[in-house]
Amino acid sequence: MNPQRVSTGVSGLDSHLIGGFIKGRSYVVLGDAGTGKTTACLQFLLSGLKQGEKGLYITVDERPAEIIESAASLGWDFESYTQDKSLVMLDASAYFSGRAGAATDKGVDLQKIVSDLAGYAKRIDASRLVIDPVTPMIFSDSPSRVQDQARSFIHLVHSQLNTTNLFSAQYSSRAPDPSFGIEEFLVSGVLHLKTIPVDGGFARRLTIKKMRGTPIQPSELL
Ligand SMILES: Nc1ncnc2c1ncn2[C@@H]1O[C@H](COP(=O)(O)OP(=O)(O)OP(=O)(O)O)[C@@H](O)[C@H]1O
Ligand SMILES: [Mg+2]
C-alpha cells in the first residue's frame, strides 16, 4: 500500500515527491544562513493550516512575533491561526539558557523537551511539527555524543508524537558544523537550500539530498 503523503507547501517540490512528505516521518531542511529554511518551514505549516490541520512551531533563534511579522510581509497571515489556536508557536530558547529542562554539561534534557512538546501537540491535536532550528536539541560538548543525542531525539519524537515533522539545520559550506551529517542519517529525507551566483546576482536552489520511500534522481530543483 502506498504511504499517505503530506504536502510540503511547495507545489513544485510536491510533484517531485509523489505528493509530498510521508505522513508521520521526519525531514530536515538544511542550508546556510538566510537561504530560506524558516520560509520553507512556514510553507509546510501553512499548507496544513489551510486544510484545517493544526500545527506546532518551535523556534529557538527568532521570537514568534518576529516570525509572524516576517511571514506577513510575504502575505501569509499566521496571526489569525495563532489566535484561533490552530497554530501554537513556542520560543524554546529557555531550554538552552539555564531554565526549564536546561542544558547540562551532558547536553540538553531531551526527555523533558520532547514530553513538553508532546503535551502541546496533544492539546491542539497537531498533525505537523516544525523545529527551527533543531541543532540545539542535539548539541553536546562532546562531538561523539551528538549522534547519540540525535538518535535519542528522533526516537523520542516518533514514540511520543504522531506528527509529520520538519526540522531546520544550519549548514555552512565554508565551515561545516561538527554535527553536519548526523541529522541526515536519522531522518527520512533531507532538503538542501542554497543561494548560488547567477548573472551577477543570486538565485535560490533546492536539492533533494535524500528521500526514503520516494524514487528521486539526485538533482538540483526549483
Ligand atoms: N522561496 C522564497 N521566495 C522569496 N523569498 C524568500 C524565499 N525563501 C526565503 N526568502 C527570503 O529570504 C530571506 C531569508 O529567509 P529565511 O529567514 O527563511 O532564511 P533562513 O535560512 O531561515 O535564515 P536564518 O539562517 O537566518 O535562520 C527572507 O527575507 C525571506 O523573505
Ligand atoms: Mg531561519
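One-based numbering, in listed order, for ligands and for the atoms of each.
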Nearest protein heavy atom to [atom], by residue and atom, and its distance?
atom: atom 23 (O) of ligand 1; answer: Gly34 N, 3.0 Å
atom: atom 19 (O) of ligand 1; answer: Gly36 N, 3.0 Å
atom: atom 4 (C) of ligand 1; answer: Arg204 NE, 4.0 Å
atom: atom 20 (P) of ligand 1; answer: Lys37 N, 3.5 Å
atom: atom 18 (O) of ligand 1; answer: Thr39 OG1, 2.5 Å

**Message:** Quick check: do Arg25 and Arg212 have side-chain heavy atoms less than 4.5 Å from each other?
**Reply:** yes

Does the side chain of [X] come under 3.5 Å of the side chain of [Y] through a donor N or O and an acceptor N or O?
X: Asp116; Y: Tyr95; result: yes
X: Thr35; Y: Asp32; result: no
X: Arg128; Y: Ser47; result: yes
X: Arg5; Y: Thr214; result: yes
X: Asp91; Y: Thr59; result: no

**Prompt:** Would you say Gly31 touches ligand 1, if touching means a heavy atom closer than 4.0 Å?
**Reply:** no

**Message:** Quick check on the 6.0 Å ring-centre criterion: do Tyr57 and Phe78 meet it?
**Reply:** no

**Asked** Does the gap between the ring centers of Phe167 and Phe153 come in under 6.0 Å?
**Response** yes

**Request:** Kindly check if the number of other-residue, nucleotide or ligand heavy atoms within 6.0 Å of CG (Asn162) is above 12?
**Result:** no

**Message:** I need the atoms of ligand 1 closer than 4.0 Å to a non-hydrogen atom of Leu74, numbered in the order shown.
**Reply:** 31 (O)

**Asked** Is any heavy atom of the protein nearer than 4.0 Å to atom 29 (O) of ligand 1?
**Response** no

**Request:** Establish whether atom 7 (C) of ligand 1 and some protein heavy atom are separated by less than 4.0 angstrom.
**Result:** yes

Backbone or side chain, does any N or O of [X] fall under 3.5 Å from an N or O of ligand 1?
X: Thr38; value: yes
X: Ala33; value: no
X: Glu62; value: no

**Asked** With a cut-off of 2.8 Å, does Thr38 place any N/O/S atom under that distance from the Mg ion (ligand 2)?
**Response** yes

